Amino acid sequence: MPITCASFSTQDILPDGRIVYLRAIHPGDRQSLREEVFLKLSLESLRNRFLALKLDLTPDELSYFTDVDFLHHVALAAEVDCGSHRRLVGVGRFVRGNRKSNHAEVAITVIDQFQGMGIGSLLLQELIDCARELGVAQLEGSVFAQNTRMLKLLRNTRLPCRSSRESDMIYMSLDLRRQTA
């Protein structure tokens with residue numbers, strides 16, 4: 001089954017022994033994306049993700065973030081068991097400027113409580129695999145210079161990485177065509 005399929009799912013074990021479930025996001029995730037992810041983010045995490053302070057998501061934004069085509073907009077959800085149900089704790093996505101573009105912008109969000117546990121790395125690796133399958137050659141990201149976690153995440157992919165800085169922003173581009181040693 002291709003990773004681009006809307007039924008994509010896999011799981012991995014976090015360092016603390018919990019299982020993290022990665023799957024394709026779907027329109028039914030609207031409420032949990034807002035309530036379990038967006039509203040659980042600290043102001044710093046919100047600013048790092050949206051590059052501005054954002055206090056809520058509009059209905060149109062929720063649709064955009066959850067109703068994806070898995071061709072030009074790919075989004076994966078990360079969940080962990082929380083009692084009797086799974087809780088959405090992170091989302092990774094990439095969006096191409098147009099369907100034929102071989103460049104895409106990448107974004108990853110993990111709620112503060114679960115940051116630093118490897119969830120972002122798992123999401124990024126699955127996004128890289130999916131992007132390659134779809135013919136994307138470059139994943140690009142705009143990151144605040146003080147967002148050291150995201151900068152480290154992108155640099156730790158072992159992919160050739162170019163970066164440039166303009167004021168307090170760092171623009172990074174990962175070359176998906178080859179691994180570095």
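For clarity, every value in this text was computed on a predicted model and none was experimentally measured. Residue numbers run from 1 in the order of the sequence given.
Counting heavy atoms from C-beta on, the side chains of Q115 and R149 come closer than 4.5 Å. When side chains are defined from C-beta on, L14 counts as touching V80, because their heavy atoms get closer than 4.5 Å.
D112 is linked by a side-chain hydrogen bond (donor to acceptor under 3.5 Å, both in side chains) to S42, S45, counting only residues two or more places apart in sequence or in another chain. Judged as a side-chain contact (heavy atoms from CB on, under 4.5 Å), and not counting sequence neighbours, the contacts of L55 are L53. Judged as a side-chain hydrogen bond (donor to acceptor under 3.5 Å, both in side chains), and not counting sequence neighbours, R155 has no contacts. For D60, there are no side-chain hydrogen bond (donor to acceptor under 3.5 Å, both in side chains) partners two or more places apart in sequence or in a different chain. Checked against side-chain hydrogen bond (donor to acceptor under 3.5 Å, both in side chains), Y21 has the following partners two or more places apart in sequence or in another chain: D81. Applying the side-chain contact (heavy atoms from CB on, under 4.5 Å) rule to K152 yields the partners N156; only residues at least two apart in sequence or on another chain are considered. Residues forming a side-chain contact (heavy atoms from CB on, under 4.5 Å) with R30 (at least two apart in sequence, or on another chain): P59, L62, S63, T66. Not counting sequence neighbours, the partners of Y64 by the side-chain contact (heavy atoms from CB on, under 4.5 Å) test are H73, V95.
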| message | Determine whether Q125 and T157 satisfy the following criterion, side-chain contact (heavy atoms from CB on, under 4.5 Å), listing intermediate values before the conclusion. | response | CA-CA 8 Å; Q125 189 54 59; T157 61; 5.7 Å; no
| task | Applying side-chain contact (heavy atoms from CB on, under 4.5 Å), run through L151 and M172 and close with a yes or a no. | result | CA-CA 8 Å; L151 293 170; M172 299 190 71; 3.4 Å; yes
| request: For side-chain contact (heavy atoms from CB on, under 4.5 Å), just list the numbers for I25 and V91, CA-CA rounded to whole Å, side-chain angles, deciding distance to a tenth of an Å, and then say yes or no. | output: CA-CA 8 Å; I25 203 160; V91 177; 4.2 Å; yes
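Distance check: I111 CD1 to L88 CG gives 8.0 Å after rounding to the nearest 0.5 Å. From L76, atom CG reaches atom CZ of F70 across 6.5 Å, with rounding to the nearest 0.5 Å. Of the inter-residue distances, the one linking K54 atom NZ with L41 atom CG reads 12.5 Å to the nearest 0.5 angstrom. For the atom pair L33 CG and L57 CG, the distance stands at 6.5 Å (nearest 0.5 Å).
Residue pairs meeting the ring pair (Phe, Tyr, Trp, His ring centres under 6.0 Å) criterion with at least one member in residues 25-45, sequence neighbours excluded, are F38-F50. Legend: salt bridge (Lys or Arg N to Asp or Glu O under 4.0 Å) pairs involving residues 36-46, not counting sequence neighbours: none detected. Residue pairs meeting the salt bridge (Lys or Arg N to Asp or Glu O under 4.0 Å) criterion with at least one member in residues 13-29, sequence neighbours excluded: D16-R18, R23-D29, R23-E79.
L51 is not connected to L154 by any chain of hydrophobic side-chain contacts under 4.5 Å among Ile, Leu, Val, Met, Phe, Trp and Tyr, and they are in different clusters. The cluster map of Ile, Leu, Val, Met, Phe, Trp and Tyr, joined by side-chain heavy atoms under 4.5 Å apart, puts L43 and L39 in the same cluster. Under the 4.5 Å side-chain heavy-atom criterion for Ile, Leu, Val, Met, Phe, Trp and Tyr, L71 and V68 are members of the same hydrophobic cluster.
Of the possible polar contacts, one joining the R165 side chain to the S167 backbone as a donor-acceptor pair under 3.5 Å is found. In this structure a side-chain-to-backbone donor-acceptor pair under 3.5 Å is missing from H72 to D69.
E35 CD: more than 12 foreign heavy atoms inside a 6.0 Å radius.
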Please list every donor-acceptor pair under 3.5 Å in which a side-chain atom of residues 134-148 meets a protein atom from a residue at least two apart or in another chain.
{"from": "Q138", "atom 1": "OE1", "to": "S173", "atom 2": "OG", "distance (Å)": "2.5"}
{"from": "N147", "atom 1": "OD1", "to": "M150", "atom 2": "N", "distance (Å)": "3.3"}

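One finds no salt bridge joining D175 and R162 here, because no Lys/Arg side-chain nitrogen approaches an Asp/Glu carboxylate oxygen to under 4.0 Å.
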